[in-house]
Every structure is written in C-alpha cells, then in structure tokens.
K.L.:
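Below are the structure tokens for one structure; questions will follow.
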Amino acid sequence: MGAALIGALFGSATAAASQDPAYSSYKLLQKTRTNLEERCFKDPQRKRDLEYFQSKATSVKSLDDLFKDRRLLQFTLGAFQLEDQVDMKGFLKKIMTSDPSDPTSLANRMNDARFKQVSQVVQGLIAGDGFSSSDVAAITAGWKTNEFEKNQGERNPALREALYFTRSVSGIKNGYQILANATLSKVARGALNLPDSFAALDVDQQARILNSKLKYEDFSNPDYVNKFVDRYLVNSDIQAMSATSGGAGSILNLFA
C-alpha cells in the first residue's frame, strides 16, 4: 500500500479539513522526524519548561520537594504521559512510594506499566538522595518524546497514538495490559476493526476477544508493529472521511 495512494485518497477536500491525513502524514513523519523534532523544540514554552526542570531538578531532594512544585511534578509525570494525573496527589504518592521491586506492590499491580516506571524514577527521592544525573536524563528524554508526540497529535490525534503505540507495545503480554492504557486500547481496537460496542463489554470479555485475535509475541517484531499501526492509520482516515462525506464504503473495498 503506497503512501501516495493513501495521500491521494485522504488528502482531498473530502477528508476532515481540520487535520492532516493520518497515514500519509505518518509515512512522511518517519522520513523527516529529525527536522520535525527540531521545529517542535523551538517553541518558546517548551524551551522554558525544559530550562525550568533542568535548573531546579538538582534541588529536589525528596518526594515532598517534588510535590511542592506543581510545575516540576507535571514535567516529571509528562515523561511517562501521566501529566494529566498531576492533581491526583494522594494516588500518585501511593504509587510512587510502593516498592517497584516487590511484585505485590501497588505499582506492580497496576496493569498500566507507566505507573511502575514513574515509581522507579523517584526512588532516589524516597531515599532522600534526590534525582541522580541518570534520573534527570531519563525524565528529560521521556518528556521530549511525549512533547513531540503531543505536537504531532495537534496535526492529527492518530499520529500521536501511532507513535506511542509503536514504542510502547513490545512489552505487552495480555489483553488486560492493552485495556489498561487508553492509547494502546484505541489503536488495537482500530487496527482490528472492532466496533464501538466492544468498549461496552465486560472487561474480561474484551480481554478474551483481544487474546483470541492477537499473538503478543508478534509485537516484538518491528515489521509486524509497523503493519499493525498502518492498519490503524488507514482505518482512522477512513472513519474521518466517512464522518465528513459518508462515502467510505467504496474506498473500504480497496483494502478488502
């Protein structure tokens, strides 16, 4: 399936006027990512946020220090795509203070791996040692990745979802882990052409259906992941076109 063909189909006036076509934009993004990242981080607000974190991170010595500075906390959470949880301080403290090395701890009982990741990166704060240089580097790198994906999502939400799915799915072992993460779930449902009614099913039923349709070990294969994401992006474009013109039926036949 060529990007030119998809662009011709979904880059027309019949596509949603407010967003770029997902499939062809994603293919171009893969070729021009370095330039797009440079442009993203020239944004003045992103520059200020990054400078603030890097100037303040070494002064954070404890978990309380981190929670006292909402801007620092939000930046740290942003490294794990959890910035929208910034006001759930009680829940976050329970997650962060649970032992990531204990299989029975709260961080490990969460199906969403991001909570374990954020728990791991703050262990130095819990010990009173502050952030290490490697912690600061990891948080900065994670924040940049998240910000770039958010930036691409402004062009089309499916671009952010595809980028996140591609880098996050390799460790997934079952349907519950997919369902615990809204983005992984959305991409999986879209790629598999599962109807909207799927989300109304009992969680156990949803997991069983996913388990019957997916071989999770395949997600360790980059070629498989790329093809899976391509299906999601094509279906996303078809849905966008259908919503604006009602004419997706004939196009669907091209991919049958």
Side-chain angles (χ1 to χ4, degrees), residues 53 56-147 149 161 163-188 199 201-211 214-217 219-220 225:
F53 176 77
K56 298 286 187 179
T58 55
S59 65
V60 177
K61 299 300 182 184
S62 69
L63 203 59
D64 285 341
D65 288 344
L66 181 63
F67 275 80
K68 287 175 184 176
D69 190 324
R70 190 178 190 277
R71 191 174 177 185
L72 284 178
L73 177 61
Q74 189 161 30
F75 188 103
T76 301
L77 294 172
F80 306 95
Q81 301 80 45
L82 293 171
E83 63 270 25
D84 58 346
Q85 307 284 319
V86 67
D87 293 318
M88 299 181 65
K89 293 185 177 180
F91 171 70
L92 289 170
K93 282 187 177 181
K94 288 181 180 179
I95 289 287
M96 291 178 177
T97 55
S98 65
D99 184 357
S101 65
D102 179 359
T104 66
S105 70
L106 180 59
N108 279 306
R109 294 202 311 271
M110 301 290 290
N111 279 315
D112 191 334
R114 295 176 299 174
F115 292 107
K116 179 179 179 180
Q117 292 164 357
V118 76
S119 174
Q120 290 172 324
V121 84
V122 298
Q123 289 305 299
L125 301 184
I126 294 169
D129 299 326
F131 281 131
S132 68
S133 58
S134 60
D135 292 332
V136 172
I139 293 169
T140 300
W143 178 85
K144 283 185 172 181
T145 297
N146 186 36
E147 286 298 307
E149 291 174 359
E161 292 152 2
L163 287 166
Y164 177 81
F165 186 92
T166 299
R167 68 179 176 82
S168 303
V169 75
S170 62
I172 294 297
K173 298 178 180 179
N174 59 64
Y176 290 106
Q177 290 178 310
I178 287 181
L179 294 170
N181 185 295
T183 302
L184 296 182
S185 179
K186 183 177 181 181
V187 174
L201 297 174
D202 176 84
V203 172
D204 291 334
Q205 289 180 284
Q206 293 183 50
R208 282 196 294 271
I209 291 171
L210 290 176
N211 290 342
L214 297 171
K215 293 181 179 179
Y216 298 102
E217 61 271 20
F219 286 124
S220 63
V225 173

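Heads up: numbering here begins at 1 and tracks the sequence.
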K.L.:
Just verifying a value: how many Å separate Asn111 CG and Asn174 CG, rounded to the nearest 0.5 Å?
P.N.:
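Between Asn111 CG and Asn174 CG, I get 6.5 Å after rounding to 0.5 Å.
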
K.L.:
Using the rule given for side-chain contact (heavy atoms from CB on, under 4.5 Å), can you reason through Leu125 versus Asp135, listing the C-alpha separation, both sets of side-chain angles and the distance that settles it, and then say yes or no?
P.N.:
CA-CA 10 Å; Leu125 301 184; Asp135 292 332; over 6 Å; no

K.L.:
How long is the span from the NZ atom in Lys93 to the CE atom in Met88, to the nearest 0.5 Å?
P.N.:
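The NZ atom of Lys93 sits 14.5 Å away from the CE atom of Met88.
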
K.L.:
At their closest point, which heavy atom of Gln206 faces which heavy atom of Leu201, and how far apart are they?
P.N.:
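Taking every non-hydrogen atom into account, NE2-O, 2.8 Å.
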
K.L.:
Quick one, Arg109 and Leu106 - any side-chain contact, counting heavy atoms below 4.5 Å?
P.N.:
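Side chain of Arg109 against side chain of Leu106, heavy atoms only: contact under 4.5 Å found.
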
K.L.:
Do Leu77 and Leu92 come within less than 4.5 Å of each other through their side chains, counting heavy atoms only?
P.N.:
yes

K.L.:
List the atom of Lys116, the atom of Ala107, and the distance in Å for their closest heavy-atom pair.
P.N.:
CB-O, 3.9 Å

K.L.:
For the pair Glu161 (side chain) and Thr183 (backbone), establish whether a donor and an acceptor sit closer than 3.5 Å, ignoring hydrogens and angles.
P.N.:
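The answer is no, because no donor-acceptor pair under 3.5 Å joins these two groups.
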
K.L.:
If I take atom OG from residue Ser168 and atom CD from residue Glu149, how far apart are they, to the nearest 0.5 angstrom?
P.N.:
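The CD atom of Glu149 is 7.0 Å from OG of Ser168, to the nearest 0.5 Å.
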
K.L.:
Of the non-hydrogen atoms in Met96 and Gln123, which two are nearest, and what is the gap between them?
P.N.:
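Reported closest heavy-atom pair: O-NE2, 3.4 Å.
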
K.L.:
Give the minimum heavy-atom separation between Asp202 and Asp204, together with the two atoms involved.
P.N.:
OD2-N, 2.8 Å

K.L.:
I want to check something: taking the side chain as every heavy atom from C-beta on, are Ile172 and Leu214 in contact at a cut-off of under 4.5 Å?
P.N.:
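Heavy-atom side-chain distance check fails, nothing below 4.5 Å.
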
K.L.:
Lys56 and Arg71: side-chain contact (heavy atoms from CB on, under 4.5 Å), yes or no, with the steps?
P.N.:
CA-CA 10 Å; Lys56 298 286 187 179; Arg71 191 174 177 185; over 6 Å; no

K.L.:
Quick one: does Leu63's side chain get under 4.5 Å of Val122's, heavy atoms only?
P.N.:
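Touching, per the 4.5 Å side-chain cut-off.
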
K.L.:
Could you name each residue pair satisfying ring-ring contact (aromatic ring centres under 6.0 Å, His included) that touches residues 99-119, not counting sequence neighbours?
P.N.:
Phe91-Phe115

K.L.:
Does Asn108 use its side chain to pair, donor to acceptor, with the backbone of Asp102 at less than 3.5 Å?
P.N.:
yes

K.L.:
Please answer whether the main-chain N or O of Val86 pairs with a side-chain N or O of Arg70 as donor and acceptor at a distance below 3.5 Å.
P.N.:
no

K.L.:
In the structure I gave you, are the side-chain heavy atoms of Asn146 and Glu83 within less than 4.5 Å of one another anywhere?
P.N.:
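Yes, at least one pair of side-chain atoms sits under 4.5 Å.
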
K.L.:
Are any non-hydrogen side-chain atoms of Tyr164 and Leu184 less than 4.5 angstrom apart?
P.N.:
yes

K.L.:
As an exercise, state the distance from CD of Gln117 to CD of Gln81, rounded to the nearest 0.5 Å.
P.N.:
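The CD atom of Gln117 sits 8.0 Å away from the CD atom of Gln81.
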
K.L.:
Are Ile139 and Val121 side-chain neighbours, meaning at least one heavy-atom pair lies under 4.5 Å?
P.N.:
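Yes, at least one pair of side-chain atoms sits under 4.5 Å.
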
K.L.:
Okay, side chain of Ser98, backbone of Ser105: is any donor-acceptor separation there less than 3.5 Å?
P.N.:
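Pair absent, no side-chain N/O of Ser98 close to backbone of Ser105.
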
K.L.:
Do the side chain of Asp112 and the main chain of Asn181 share a donor and acceptor less than 3.5 angstrom apart?
P.N.:
no

K.L.:
List the residues meeting ring pair (Phe, Tyr, Trp, His ring centres under 6.0 Å) with Phe75, not counting sequence neighbours, and say none if there are none.
P.N.:
Phe53, Trp143

K.L.:
Ignoring hydrogens and angles, tell me if any N or O in the side chain of Tyr176 forms a donor-acceptor pair with the backbone of Val203 under 3.5 Å.
P.N.:
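Such a contact is absent between Tyr176 side chain and Val203 backbone.
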
K.L.:
Can you see which heavy atom on Asp65 is nearest to which on Ser59, and at what distance?
P.N.:
OD2-O, 4.0 Å

K.L.:
Going by the ring-ring contact (aromatic ring centres under 6.0 Å, His included) test, which pairs reach into residues 122-141, not counting sequence neighbours?
P.N.:
none

